[in-house]
Structures are given as structure tokens and as C-alpha cells.
Amino acid sequence: MATVFVIGAGPAGLFAAQKIAQAGHEVVIFNRDIKPGGLAEYGIYPVKDKMKIGLRKQFAKVLSLPNVHYFGHVPIGGEFPVTLETLRQFKPAAMVFSVGAQGTKKLGMPGEDAAGVYSAKDYVYHYNLLPPFATQDFSIGKRVAIVGMGNVMVDVANWLLNHKKIDHVIVVARRGPIEKAYDDSEFEVIEPYLDNRDMKQEIERIAPQLIAVGQNIEEITRKFVKDTEPAEGRRLTFRYLCSPTKVISNDQGRVAALEAEENVMVLQDGKTVAKGTGKTHRIDVDCVIYAIGDQVDASIGLPFSRGVFVTNPEKLAGDLNLAAYQPYDPETKEVLDGIFVAGWSRNASVGLVGVAKQDAERGMKVVNEYLAHKEGLSSGDMEAKIEALIDLLTKNGVTIVTKEDIELLESAEQEEARARKTWDFKYTSDDKMLEVIAARKAARQL
Ligand SMILES: Cc1cc2nc3c(=O)[nH]c(=O)nc-3n(C[C@H](O)[C@H](O)[C@H](O)COP(=O)(O)OP(=O)(O)OC[C@H]3O[C@@H](n4cnc5c(N)ncnc54)[C@H](O)[C@@H]3O)c2cc1C
């Protein structure tokens, strides 16, 4: 039996913890956010209540395991009191990093520091009420460009059109309609706002480029153009074959327009690739949101290159690809013994919860096998380790949130939701959550 640290309590970390605990090991989870769930709690669209409630139940089941310990409100990494090195001093038998992909990607173009340029993840955290994003200013305006055309773009456009009721969302995409990365079933929620006349004109505008790579205009028009008018005067349009090159600001330093370079498409190894033409045009907007995927957080302290944690490039024998889960230092050409990555920390921004779950579960077969082959493991000193950890965190001014605290917080939030006649209620600051937990604890002791 061994003590394993799991860093990050999103779907990957929680399902990883379950597998390790079921193999009989003690698991200590460290999570940046007070509440568990990661993007399942703070990313998935707010009205997907059935999915969110179902996942919360599964997560609560994991946390209820007696050999799973939860330290919420404890971020790990270079800028925090507890680093990877600090954790190493406690000599866990293994550490699993499932911290998601917290680094944001930008395009590196002039003007992108202007007010009104946001990363989709930050905006999604904001409307899903994750502190501190929940209370930060994400003012929007009336015309928003969303860069990228995956499911996250659909979520953000859904929020802007259906909830914020803004006038116009313009999706800016490097390639054409066929290269969309969103699912049609997800798109249905924003389809009523699609300006079909504009879509028809847009397809006509780019038709020569689509034909040049062998695409069929009639088929594309049939699939992407309907004969309906945009609902309630709100519009959704697409600017295809365009790569943003500059954000233009107004006198107050706020976004006034996006400059984009027009592209052609070429075929490379059978795939369409966008190539700039040098010709630019201006799209008047008051906000730009990047929905182009995220990168992992380099400050965690694992080997990092080009937006991902570096994993062992070797193909190792056996059914389980151990190498894919092992961080690897390209300078020393050595794996980091006893350290593993899973979920979006391994494959940034790839896949739904089910994919993160599967990745964690497969990865934990690797971890459990690693633990089975390690000699001299003992959980005898587990309690002492936990005491020492609590001591260290407390000395560093960190208020740890335990799984019992989470139950108190959730019951307070559910009461509040019932009082407000809604299915969900969330406190929007860490201080308020800590205050509610403290009040519930005090009331219990009376
Ligand atoms: C906008 C959006 C909408 C989505 N909608 C859906 C959907 O409808 N259905 C679906 O199935 N999937 C959806 N997904 C995908 C799903 O959210 C992911 O597949 C899944 O959450 C990835 O899990 P993860 O555990 O790897 O990462 P995350 O969910 O990001 O979890 C990471 C965890 O690590 C913690 N953490 C971060 N940094 C640190 C640190 N330094 N120290 C300690 N802890 C840390 C965080 O607090 C968090 O709890 C959506 C994703 C996004 C972005």
C-alpha cells in the first residue's frame, strides 16, 4: 500500500483517484479550486443541468471513499506556497498531475492586450462563476468576434446570443465550412441566429478557394445554408478563410476592430491547410474572444515545450503505453520517476469528460502497475504525512478545504438554490465560500 498524490480534481483527477484508491492505496488530492469538478463544474454550459448533476454525484462518490483525502483551495506550482518540490519532500510513492490545461493561448498579434480581448476559457470560467473570474470585468459590447470554430465557440456564442442577447457574433475561421470542429448537435442551440443570406454570400465569396481544393460548393451550400431568417434580430455570421493579424483599439484602449488576413487553402498530405494571401480586411467589433484551445500551465514545474508537458517519446512494450503518461526531461533524456500526467494535462483541450475519464482510467492502470512493482511501500506514515502537510499549508497561510467542508458548502448552496427556485446556486468568491463553511462548522458545534 502506498500514498499517492493527485494534483487537480477535475474529471481526470477524480477518476484517477478512484482507480488508485480501489487498488487499495491512500490518495491525497490537491485542488486549486475550492470545489472539485474542474471544467465539469466551471466549463460545461450552465444549463446542462442533468449532465452537471450526474457528474457531481459521481465525483461525490469518489470523495466518499475512506482512502481518498481532499485538500481543496491548494494550488500547486512555482508561484504558490506549495510547489512540486515541496510535494516531493513528502516522498509520495507516485504523483499524478491532472491539472487540466490552464495556460491560455494567444495569437501573438499586435494590439491583443486591448481591453475586450479575452480567452474563451477565462470567459467560460466567468459565466460559470469560478472565482476569481466570476467577479472580474468581462464587458462585452454588442458585436463580438469569436476566433475558432469548435464546440467552445458554440458555447460562447450560445451565451452571448441567448443569455447576453448581443446583436451580432462573427465567427472568424482560418479555413472553410467543412473544416468546422464543432458538432452539429451542439450547433443547434445557435443555429436559429444564423444569417443564412450572409452565409450564402460568404460561401460564394470563398467558392474559388474551396473548388481549388476539390470541395463541392453545391453540397456545402446545401449543408450550411437554410432558408430561415435570424431569430429575434440577433445575428450569427461566419468569416471563413481569415486569420486575425491585428486588434485595432479606440481612444479608450478598447477593441474597435479586428484586422484579418485572407487565406487560400492548399492540400498537404490530403489535408487542407490555410495560407495567407497578404490581403487584409477590417471587421468592426467591440470584443474579441479566442476559442482556439488552451495550453498546459508551464508554472507547474513539469518539463514543458510548445504548450504541452513533454512525455516520454519512447514506445515501450506492453499493452499499456506507460511512456505516454510519463513526463520526460528532454535535456537529461530521463523520465521523472514516479510522476504521471493524465486528462487535459496530457492532451490539452482534447475531448469531452468521457475522454478525460477514459484517459485517467487507462493511465491509472499504468500507475497501479508501477506501484505494484515498487518495493517497500507502506502507508504506515500516512497520517503523519497528512499532519505534516496540514502544518506546512497552515504555516503558509493556506486555508485547506476538506471533503467534509465541501459537503457543508454544497448543502448551503443547495438550500440557497431552493430558496431562489433555481436548480443551481454558486457562491462567487473564495472568501464567501470559506465564510459559509466556517459558519456551518460553527453551527454544527453549537
Ligand atoms: C467551454 C467548455 C465546455 C465543455 N463542455 C463539455 C460538455 O458539454 N460535455 C463534456 O462531456 N465535456 C465538455 N467539456 C470538456 C470537459 O470539460 C473536459 O473534457 C474535462 O473537464 C477535462 O478534465 P481534466 O480533469 O483533464 O481537466 P479540468 O476539468 O480542467 O480540471 C483540472 C483541475 O485541476 C485543478 N488545477 C488547475 N491548476 C492547478 C494547480 N496548479 N494546482 C492544483 N490544482 C490545479 C483545477 O482546479 C481543476 O479542478 C467542455 C470543456 C470546455 C472548455
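All values below were derived from every heavy atom in this structure, side-chain atoms included, with hydrogens, water molecules and symmetry-related copies excluded. Read the numbers this way: they start at 1 and go in the same order the structure lists the ligands and their atoms.
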Write out the residue and atom name of the closest protein heavy atom to [atom], then the distance separating them to 0.1 Å.
| atom | value |
| --- | --- |
| atom 26 (O) of ligand 1 | Trp344 N, 2.8 Å |
| atom 29 (O) of ligand 1 | Leu39 N, 2.8 Å |
| atom 52 (C) of ligand 1 | Val152 CG2, 4.1 Å |
| atom 43 (C) of ligand 1 | Arg32 N, 3.4 Å |
| atom 23 (O) of ligand 1 | Pro11 CD, 3.5 Å |
| atom 27 (O) of ligand 1 | Gly100 CA, 3.5 Å |

Checklist entry - Which ligand 1 atoms are under 4.0 Å away from a heavy-atom of Val124? => result 1 (C)
Next on the checklist: Distance under 4.0 Å to a non-hydrogen atom of Gly351: what atoms of ligand 1 satisfy this?
Outcome noted: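 So the atoms of ligand 1 that pass are 15 (C), 18 (C), 19 (O).
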Next on the checklist: Could you check whether any heavy atom of Lys121 sits closer than 4.0 Å to an atom of ligand 1, since that is the contact criterion I want to use?
Outcome noted: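 The answer is no: ligand 1 sits nowhere under 4.0 Å from a heavy atom of Lys121.
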Quick one: does ligand 1 sit under 4.0 Å from the side chain of [X], the backbone, both or neither, non-hydrogen atoms only?
| X | value |
| --- | --- |
| Ser98 | backbone |
| Ala356 | side chain |
| Asp33 | both |

Checklist entry - Going by the angle between their ring planes, with limits at 30° and 60°, are Phe187 and Phe238 parallel, tilted or perpendicular? => result tilted
Next on the checklist: Are any of the N/O atoms on Ile44, whether in the backbone or the side chain, positioned under 3.5 angstrom from an N/O atom of ligand 1?
Outcome noted: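 No, there is no polar N/O contact under 3.5 Å.
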